[in-house]
Amino acid sequence: MVYAETGIILGFIFPGDALLFTAGILCGTNDLPVNIFFLLITLMIAAIAGNLTGYVTGRVLGKKLFTKKDNWIFKKRHLDTTHEFYEKYGGISMIAGRFIWIVRTFVPILAGAIDMNFWKFNYYNVAGAVLWVGSLVTAGYFLGREIPESAQNLEFIIAGITIVVMSIVIRGAIRMRKQGKLNGER
């Protein structure tokens, strides 16, 4: 699921943050009989491979986006804005994008579409995967180790993570919409 979420266009439907945190909890409570280091490494590899797939998809299909005419969903100016954002904050956007639902699916695709340097992309791809997987799985692992009963309340933990992530996404969307109106866009 980690690979699919970061590498397949429809992967944004998967709950990556909650999945990583839950895997960490289950590993910490020994409900998932997997070595924590093996879990971390395999999930990091899946995240890196997923972003590479997204990048290649963007390289292959992305050129068509730049020649596509605007419609009610697609606006070319968003690609131009994304390109400027990558030029200014390339690495930060790659790393921070890992922690934002929906964004983590499209960041590598857009990086490929705007021809971000492959080696630069991979540097930030690996750094982002290590930070994303490492922080969430490790946090879940220590919660599971310290509070073994946490595995019995996974639905509440997952709901909490989902609410936090969704509130961040909604807040960002509202802020972007307000900024668009302030800049005279519709």
Side-chain angles (χ1 to χ4, degrees), residues 1-24 36-66 68 74-142 161-162 164-173 175-176 179:
M1 284 180 68
V2 169
Y3 171 83
E5 183 183 23
T6 59
I8 300 172
I9 293 174
L10 293 176
F12 68 88
I13 63 173
F14 297 122
D17 297 329
L19 174 71
L20 294 174
F21 196 77
T22 301
I36 185 67
F37 297 109
F38 180 76
L39 180 65
L40 285 166
I41 290 169
T42 55
L43 289 172
M44 287 176 191
I45 290 169
I48 291 166
N51 262 19
L52 281 171
T53 301
Y55 180 85
V56 170
T57 300
R59 280 284 252 238
V60 172
L61 301 177
K63 304 294 181 225
K64 294 177 185 173
L65 291 175
F66 286 100
K68 185 177 172 103
F74 175 80
K75 304 287 185 226
K76 187 176 180 300
R77 73 176 187 273
H78 297 307
L79 279 179
D80 296 333
T81 302
T82 302
H83 188 263
E84 290 170 18
F85 185 78
Y86 273 119
E87 289 298 316
K88 191 170 182 182
Y89 305 107
I92 300 300
S93 65
M94 292 295 302
I95 293 171
R98 287 278 192 182
F99 291 89
I100 304 169
W101 173 68
I102 294 180
V103 172
R104 86 177 122 255
T105 302
F106 296 105
V107 163
I109 294 169
L110 290 172
I114 63 170
D115 287 330
M116 183 178 198
N117 176 281
F118 181 74
W119 298 110
K120 182 178 178 183
F121 169 82
N122 276 312
Y123 174 79
Y124 292 114
N125 178 21
V126 171
V130 168
L131 287 171
W132 181 55
V133 171
S135 64
L136 291 171
V137 171
T138 303
Y141 177 78
F142 285 116
I161 292 170
T162 303
V164 168
V165 170
M166 288 305 296
S167 64
I168 292 168
V169 170
I170 291 169
R171 183 175 177 210
R175 185 176 289 166
M176 287 175 60
Q179 286 176 349

Q: With rounding to the nearest 0.5 angstrom, report the CG to OG1 distance, L110 to T57.
A: 11.5 Å

Q: With rounding to the nearest 0.5 angstrom, report the CG to CG distance, L19 to L43.
A: 7.0 Å

Q: Report the residue from V130, L52, V107 that forms a side-chain contact (heavy atoms from CB on, under 4.5 Å) with N125.
A: L52

Q: Set out, in order, the CA-CA distance, both residues' side-chain angles and the distance that settles side chain to side chain contact (heavy atoms under 4.5 Å, CB included) for N51 and F121, then state yes or no.
A: CA-CA 9 Å; N51 262 19; F121 169 82; 4.0 Å; yes

Q: List for me each residue that meets side-chain contact (heavy atoms from CB on, under 4.5 Å) alongside A47, sequence neighbours excluded, and say none if there are none.
A: V2, R98, A129, W132, V133

Q: If you measure from CD1 on I109 to CZ on R59, what distance do you get to the nearest 0.5 Å?
A: 14.5 Å

Q: Grab the two heavy atoms, one from F99 and one from S135, that are nearest each other, plus how far apart they are.
A: CE2-OG, 3.5 Å

Q: Atom CG of L20 and atom CE of M1: how far apart are they, to the nearest 0.5 Å?
A: 10.0 Å

Q: I need the minimum non-hydrogen distance between I95 and Y124, along with the two atoms involved.
A: CD1-CD2, 3.8 Å

Q: Within a strict 4.5 Å, meaning less than it, do heavy atoms of the I36 and V137 side chains meet?
A: yes

Q: List the residues meeting side-chain hydrogen bond (donor to acceptor under 3.5 Å, both in side chains) with T53, not counting sequence neighbours, and say none if there are none.
A: Y3

Q: Once you round to the nearest 0.5 Å, how far does OH of Y55 lie from CG of D115?
A: 6.5 Å

